[in-house]
Enquirer: 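Here it is: the structure, laid out below.
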Amino acid sequence: MRRREVAMVLAMLAVGAAAGGCASMGVQPWERDVLSQPGMTPGEDIVTSALDEHIYFSKEASTGGLGSGGGGCGCN
Amino acid sequence: MAATDGKASLRAALAAACGALGVAGAPAQATEVRTGVLGYTEPGRVSALELVGDAKHTFAGGQAATFRFVYDVLSGSSANGGVPAAAAQTFTSPSGRGSYTTEAGATPLDGTFRDTRFAGSAGMTLPWGRLTSATLGLYGSSEHDYTSLGANAALTREFNRKNTTVTLRAARYEDSVSPEGGAPAALSAMLPATGGGGDDDKLGPDKDDDDNGGDSLAKSVTDLGLSVTQVLGRRTLLTLNYTNSRVAGYQTDPYKLLTVVDPVSGAPRAADAYLFESRPDRRLKHAVAGELLRHLGRDVMTLSYRYFDDDWGVTSHTAELAWRANVAAKQYLQPNVRWYHQTAADFYRRWLVDGQALPEHASADYRLGDMTAMTYGLKYGRTLATGNEVSLRVEYYAQTGESHPAEAFGDLRDLDLFPTVDAWIVNFGYTFGK
Amino acid sequence: MFPFRIRPALAGLVLLLAAASARAGDPAPAAATRAVVPAADFELASYQGRVVVLDFWASWCKPCRQSLPWLSDLQRRHGEKGLQVVAVSVDADEAAMRERLGDIDPGIVVVFDPEGVLAQQYKLEVMPTSFLVDRAGKARGSHRGFMAKEADRREVEIVALLEEGR
């Protein structure tokens with residue numbers, strides 16, 4: 001199915017970007033002040049996300065999305 | 001309540017809340033507890049109340065243990081799949097004993113819907129050096145007709161001075177469905193009620209399993225995921241995510257029906273007008289999602305998009321924008337808008353036509369149909385002097401579809417075949433020990 | 001419409017909201033008059049003869065909320081034996097840094113490095129990071145991150161350096 005291939009290509013692009021192109025991007029460890037602020041960590045409000053996912057899961061035909069990590073303080 | 005009693009009463013209220021949530025005792029220094037209460041109501045249809053407690057304890061060595069439980073109560077009416085008709089319609093309740101009647105012109109709603117669900121999960125994150133960590137977890141949930149057990153694992157690795165985070169994820173769930181009144185055969189006719197009273201057959205956890213006809217059907221779900229988070233700059237972060245989910249086993253909704261209509265009048269046929277739906281027992285889903293976080297002056301903008309596609313023919317797009325306005329030092333207001341659009345599954349049928357051959361699979365569940373949904377929300381959050389956080393969120397959710405599709409004929413042309421489903425959501429959150 | 005169990009939960013919610021609003025108000029700002037060395041004026045050499053723990057931290061760094069009090073305690077207990085803790089803040093905002101200085105030992109030298117000049121010089125890889133310098137001014141190792149379970153072992157290392165020059 002064509003749509004599935006599109007999805008696969010997108011996913012591979014994401015990995016490729018992370019592995020290669022992104023090596024030069026980013027900030028120094030001491031420049032993460034803004035990234036440490038509330039709201040700048042993906043998936044920060046886990047309880048709200050869980051509640052939302054449950055609602056949408058029971059009302060819509062789609063699942064999956066944004067489980068993630070990264071961002072934030074980047075400490076230790 | 002006197003203002004000077006604020007602190008004491010907060011403690012008391014919190015203690016009461018914790019007692020109710022099963023998180024007894026004072027939290028240790030390295031324990032973060034998030035709690036939430038959510039009320040959900042679709043006027044005239046379903047109401048639900050959901051309680052969530054999530055605790056994370058971080059040990060001195062950097063390991064973290066997480067526990068979560070969710071409890072929810074659901075009751076009210078939900079669309080049974082049948083189309084409205086020019087005359088009143090009578091349906092048999094899922095138990096097979098009672099019946100309910102839908103007025104002329106109204107969307108058939110099964111009002112016997114009632115359930116409680118309890119779900120719990122536990123996980124352990126084990127760091128391996130400064131850049132790698134592994135998470136292992138277990139999950140279980142139970143409803144009166146549904147049980148799910150799962151295990152999950154994730155591996156996270158940081159690169160480029162922690163500017164790139166890659167997570168690989170796998171999960172497996174084994175579910176078991178024991179439909180009320182037994183699992184109906186695919187596209188078999190709804191039988192007339194066997195009597196024994198119309199209203200004493202509410203579904204509930206107190207129901208004896210014997211009433212389920214002894215059927216227990218299995219379903220397994222295998223999820224695989226990959227996510228990459230990249231810091232793009234001092235104020236910008238991007239996350240990309242791919243998830244693949246393979247479902248095998250019983251996926252039919254045993255309580256959903258299809259109306260077989262007369263080919264000319266569009267009215268339910270005289271005999272055996274309602275058939276139980278049937279869905280394929282395999283489904284492969286893909287989702288690609290991206291989320292951009294951008295800090296703007298004092299605000300944070302979150303923009304996300306998801307593309308979803310499965311082999312049932314459903315394709316969907318989801319876009320969401322949230323704007324966290326830090327209105328004061330420790331307070332924020334966050335409006336959000338979400339747009340969702342899906343195409344129908346290949347086997348979605350609003351109705352079946354009398355005299356035509358039955359398809360292998362068919363469902364009139366509007367959740368598998370062409371649909372657009374909008375969510376508008378507003379959240380207020382504040383950090384208290386204690387460092388604890390409170391938030392209150394109100395959301396409005398509306399699902400719309402084609403009320404008068406081109407294929408409608410006879411009586412069906414004059415009926416609303418996709419009434420807008422709307423819901424109000426109120427969500428209170430409290431986080432402490434952060 | 002709601003099942004009976006919802007009532008106590010709703011009452012609890014109202015109670016929580018009422019209590020939360022009664023607690024409104026921000027804490028008083030920490031006293032912030034302490035002397036702080038600008039990064040440009042900092043010279044490690046001027047501490048020769050003492051064992052130096054040069055620690056990079058920031059107000060926004062979570063593990064630093066544990067490491068700074070620990071360093072403060074070390075300074076208090078070993079300062080007389082020749083320990084000098086230098087706490088280099090890479091905060092961009094001086095007020096945010098000063099908010100954290102309220103409880104730390106006055107013997108600690110605080111350096112303000114908003115541009116990360118020193119951080120760059122020391123090729124910092126993670127927050128927080130500590131560098132150990134002996135009495136002769138020689139680098140004797142570094143430690144990345146902060147874990148409570150490693151604190152005792154690190155103190156032993158520092159005490160050993162303090163003993164060396166006697």
Side-chain angles (χ1 to χ4, degrees), chain A residues 1-19 21-29 31-35 37-48 50-52 54-56 58-76, chain B residues 34-36 38 40 50 52 54 62 70 130 156 160-167 169 225-235 237 239-243 245 285-289 291 293 295 300 304 306-309 311 314-316 318 324 340 342 345 367-368 373 393 399 425 427 429:
Chain A
M1 191 183 256
R2 232 192 98 251
R3 277 177 288 185
R4 208 175 309 158
E5 283 159 19
V6 172
M8 288 298 267
V9 168
L10 279 171
M12 279 186 240
L13 274 177
V15 182
C22 296
S24 59
M25 281 186 217
V27 296
Q28 298 290 358
E31 294 175 332
R32 300 185 73 113
D33 50 350
V34 177
L35 294 170
Q37 288 185 15
M40 284 300 285
T41 305
E44 197 171 297
D45 196 349
I46 42 173
V47 167
T48 303
L51 288 166
D52 280 351
H54 186 214
I55 291 171
Y56 296 131
S58 55
K59 302 299 294 179
E60 296 169 356
S62 311
T63 55
L66 290 154
S68 49
C73 177
C75 301
N76 264 350
Chain B
R34 293 165 182 265
T35 61
L38 180 136
Y40 174 96
E50 193 158 351
V52 187
D54 183 286
V70 182
R130 284 191 314 108
T156 298
N160 309 330
R161 295 188 167 200
K162 300 203 177 188
N163 283 303
T164 309
T165 308
V166 178
T167 302
R169 222 178 257 106
L226 170 70
S227 73
V228 179
T229 299
Q230 176 64 41
V231 173
L232 298 178
R234 201 157 176 166
R235 297 174 170 276
L237 196 69
T239 295
L240 295 170
N241 207 291
Y242 169 71
T243 42
S245 182
K285 308 188 269 189
H286 300 272
V288 184
E291 182 178 55
L293 267 64
H295 193 276
V300 179
S304 65
R306 175 185 67 180
Y307 173 80
F308 170 94
D309 172 72
D311 60 359
V314 176
T315 296
S316 77
T318 312
R324 178 181 169 126
Y340 173 81
Q342 75 179 37
R367 294 171 300 183
L368 290 171
R393 183 172 67 130
Q399 294 177 311
I425 297 151
N427 180 191

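Order of the sequence lines sets the chain letters (A, B, ...), proteins ahead of strands, with each chain counted from 1.
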Enquirer: So do the side chains of D52(A) and R393(B) get within less than 4.5 Å of each other, counting heavy atoms only?
Expert: yes
Enquirer: Which region of I55(A), side chain (C-beta onward) or backbone (N, CA, C, O), has a non-hydrogen atom less than 4.5 Å from a non-hydrogen atom of chain B, or is it both or neither?
Expert: side chain
Enquirer: Is L38(B) close to H54(A) at the side-chain level, that is, under 4.5 Å between some pair of heavy atoms?
Expert: no
Enquirer: Yes or no on side-chain contact (heavy atoms from CB on, under 4.5 Å) for R34(B) and D45(A), after CA distance, side-chain angles and deciding distance?
Expert: CA-CA 9 Å; R34(B) 293 165 182 265; D45(A) 196 349; 4.1 Å; yes
Enquirer: For the backbone of S58(A) and the side chain of R367(B), can you confirm whether one donor and one acceptor N or O come within less than 3.5 Å of each other?
Expert: yes
Enquirer: Who wins among R324(B), R306(B), R234(B) for the most heavy-atom pairs under 4.5 Å with chain A?
Expert: R234(B)
Enquirer: Between L293(B) and M40(A), which heavy-atom pair has the shortest distance, and what is it?
Expert: CD2-C, 3.4 Å
Enquirer: Testing the basics here: between E60(A) and A373(B), what is the closest heavy-atom pair and its distance to 0.1 Å?
Expert: OE2-CB, 3.7 Å
Enquirer: Mind running side-chain contact (heavy atoms from CB on, under 4.5 Å) on L51(A) and E50(B) for me, showing each step along the way?
Expert: CA-CA 8 Å; L51(A) 288 166; E50(B) 193 158 351; 3.5 Å; yes
Enquirer: Taking only residues two or more places apart in sequence or in another chain, which ones pass ring pair (Phe, Tyr, Trp, His ring centres under 6.0 Å) with Y56(A)?
Expert: Y397(B)
Enquirer: What are the two closest non-hydrogen atoms of L368(B) and A61(A), and how far apart are they?
Expert: CD2-CB, 4.1 Å
Enquirer: Can you name the nearest heavy-atom pair linking L237(B) to P42(A), along with the distance?
Expert: CD2-CD, 3.4 Å
Enquirer: Considering all heavy atoms of both residues, which atom of P29(A) and which atom of R161(B) are nearest to each other, and what is their separation?
Expert: CD-NH1, 3.7 Å
Enquirer: At their closest point, which heavy atom of V27(A) faces which heavy atom of G233(B), and how far apart are they?
Expert: CG1-C, 3.5 Å
Enquirer: Could you grab the distance from atom CG of N163(B) to atom CG of L35(A), nearest 0.5 Å is fine?
Expert: 8.0 Å
Enquirer: Ignoring hydrogens and geometry, is there a side-chain-to-backbone donor-acceptor pair from Q342(B) to S62(A) under 3.5 Å?
Expert: no
Enquirer: Output all residues satisfying side chain to side chain contact (heavy atoms under 4.5 Å, CB included) with R235(B), sequence neighbours left out; order by chain, then residue number.
Expert: V34(A), R294(B), H295(B)
